[in-house]
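Along the sequence shown, residues carry numbers from 1. Treat the numbers as computed from the prediction; the structure is a model and nothing was measured.
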Amino acid sequence: MKTKDKIYCNSIGIYSRQLTKRKSYIIEEISSENVKICNDEGRLKWYPRFYFSLSNEPEIISIQIDDKIENNKSDAIEVTIEFSNKEKYWLTFTTPKYLDKILDEESYLSSKHFIIIKNLTEKSILSTIYKLDEQNELIENCKKY
């Protein structure tokens, strides 16, 4: 990285109102650990270099809710997410009520790809996916096809 390079934000960290994930910024000044950019508020500010890279991360291009939501309080719904680099991932959304039902039948549930939300609606699923992506937690909660 050097001054005037275009860099891309890979993580917004604690700067949710100042940075946008995947947005490009121009380096105005640089130090060994930080870069100074003009942020989303129009201010020149120093940020840790690890929030940025010279290459842009793939973007979400589609989110497909694979199952019909029949009971928004106690279903399990699979969702497929495709990125601009053609990679596809899937995860399952469910509710606390659904987990209670499973745990009545089994003594445990082990899964990395379950996301638990209060009610299953398209809006809540999509907003959760985008929030996980914003916080760099989406891919780690998904399974790759």
Side-chain angles (χ1 to χ4, degrees), residues 1 5-28 30-31 33-145:
M1 288 184 190
D5 273 352
K6 182 190 284 189
I7 56 174
Y8 296 91
C9 180
N10 293 328
S11 173
I12 61 169
I14 59 171
Y15 305 107
S16 63
R17 292 192 175 105
Q18 298 174 25
L19 299 174
T20 302
K21 186 173 179 179
R22 296 187 183 92
K23 182 176 178 181
S24 67
Y25 298 90
I26 304 295
I27 299 174
E28 300 297 331
I30 194 166
S31 72
E33 295 181 15
N34 299 302
V35 291
K36 191 175 201 178
I37 62 162
C38 185
N39 67 20
D40 293 350
E41 297 173 331
R43 295 181 170 166
L44 282 174
K45 189 168 176 182
W46 288 98
Y47 295 96
R49 289 172 72 152
F50 61 82
Y51 285 114
F52 304 93
S53 75
L54 291 170
S55 59
N56 202 0
E57 290 184 357
E59 294 185 44
I60 295 171
I61 59 170
S62 76
I63 299 171
Q64 176 66 42
I65 299 174
D66 301 324
D67 301 310
K68 184 178 178 186
I69 300 171
E70 293 182 6
N71 185 336
N72 70 347
K73 298 210 184 292
S74 67
D75 263 347
I77 304 297
E78 285 190 16
V79 175
T80 300
I81 303 165
E82 185 176 358
F83 289 85
S84 57
N85 63 357
K86 304 293 184 212
E87 289 186 345
K88 284 186 176 185
Y89 294 85
W90 66 274
L91 70 159
T92 304
F93 283 85
T94 192
T95 64
K97 235 179 196 175
Y98 182 83
L99 290 178
D100 281 343
K101 192 165 67 174
I102 293 294
L103 292 172
D104 282 343
E105 299 167 10
E106 299 290 332
S107 61
Y108 72 95
L109 173 70
S110 174
S111 178
K112 279 188 155 185
H113 62 279
F114 267 81
I115 303 296
I116 302 163
I117 57 179
K118 188 168 182 141
N119 290 306
L120 292 168
T121 64
E122 183 175 344
K123 182 179 178 182
S124 65
I125 289 170
L126 295 176
S127 69
T128 302
I129 288 170
Y130 287 117
K131 189 66 168 177
L132 287 169
D133 182 50
E134 184 179 280
Q135 297 172 345
N136 290 331
E137 297 174 2
L138 180 60
I139 299 299
E140 69 189 49
N141 283 290
C142 293
K143 296 283 188 179
K144 191 172 183 176
Y145 273 106

Is a donor on one side and an acceptor on the other found under 3.5 Å between the side chain of [X] and the backbone of [Y]?
| X | Y | result |
| --- | --- | --- |
| S53 | I7 | no |
| R49 | S31 | yes |
| Y89 | E140 | no |
| N136 | N10 | yes |
| N56 | S24 | no |
| S124 | L120 | no |
| D133 | I129 | no |

Which distance, rounded to the nearest 0.5 Å, do you find between the [atom1] of [X] and the [atom2] of [Y]?
| X | Y | atom1 | atom2 | answer |
| --- | --- | --- | --- | --- |
| R22 | E57 | CZ | CD | 5.5 Å |
| K97 | I116 | NZ | CD1 | 15.0 Å |
| L54 | I27 | CG | CD1 | 7.0 Å |
| K21 | S16 | NZ | OG | 14.0 Å |

L138/I60 under side chain to side chain contact (heavy atoms under 4.5 Å, CB included): CA gap, chis, key distance, verdict: CA-CA 11 Å; L138 180 60; I60 295 171; 3.9 Å; yes

Can you give me the closest heavy-atom contact between [X] and [Y], atom names plus distance?
| X | Y | answer |
| --- | --- | --- |
| T95 | N72 | CG2-O, 3.6 Å |
| N71 | S74 | ND2-OG, 3.0 Å |
| Y51 | I14 | OH-N, 4.2 Å |
| N85 | P58 | ND2-CG, 3.2 Å |
| A76 | T92 | CB-CG2, 4.0 Å |

Classify the angle between the aromatic ring planes of W90 and Y145 as parallel (below 30°), tilted (30 to 60°) or perpendicular (above 60°). tilted

Would you say the side-chain atoms of K73 and N119 include a donor-acceptor pair closer than 3.5 Å? yes

Can you check side chain to side chain contact (heavy atoms under 4.5 Å, CB included) on I26 and E28, steps first, answer last? CA-CA 6 Å; I26 304 295; E28 300 297 331; 4.0 Å; yes

Taking the ring centre of each residue, are Y25 and Y47 less than 6.0 Å apart? no

Heavy-atom side-chain proximity of L132 to I115 below 4.5 angstrom: yes

Between F52 and L19, is any pair of side-chain heavy atoms under 4.5 Å apart? yes

Go through the steps for Y15 and D40 under the test side chain to side chain contact (heavy atoms under 4.5 Å, CB included), then give the verdict. CA-CA 10 Å; Y15 305 107; D40 293 350; over 6 Å; no

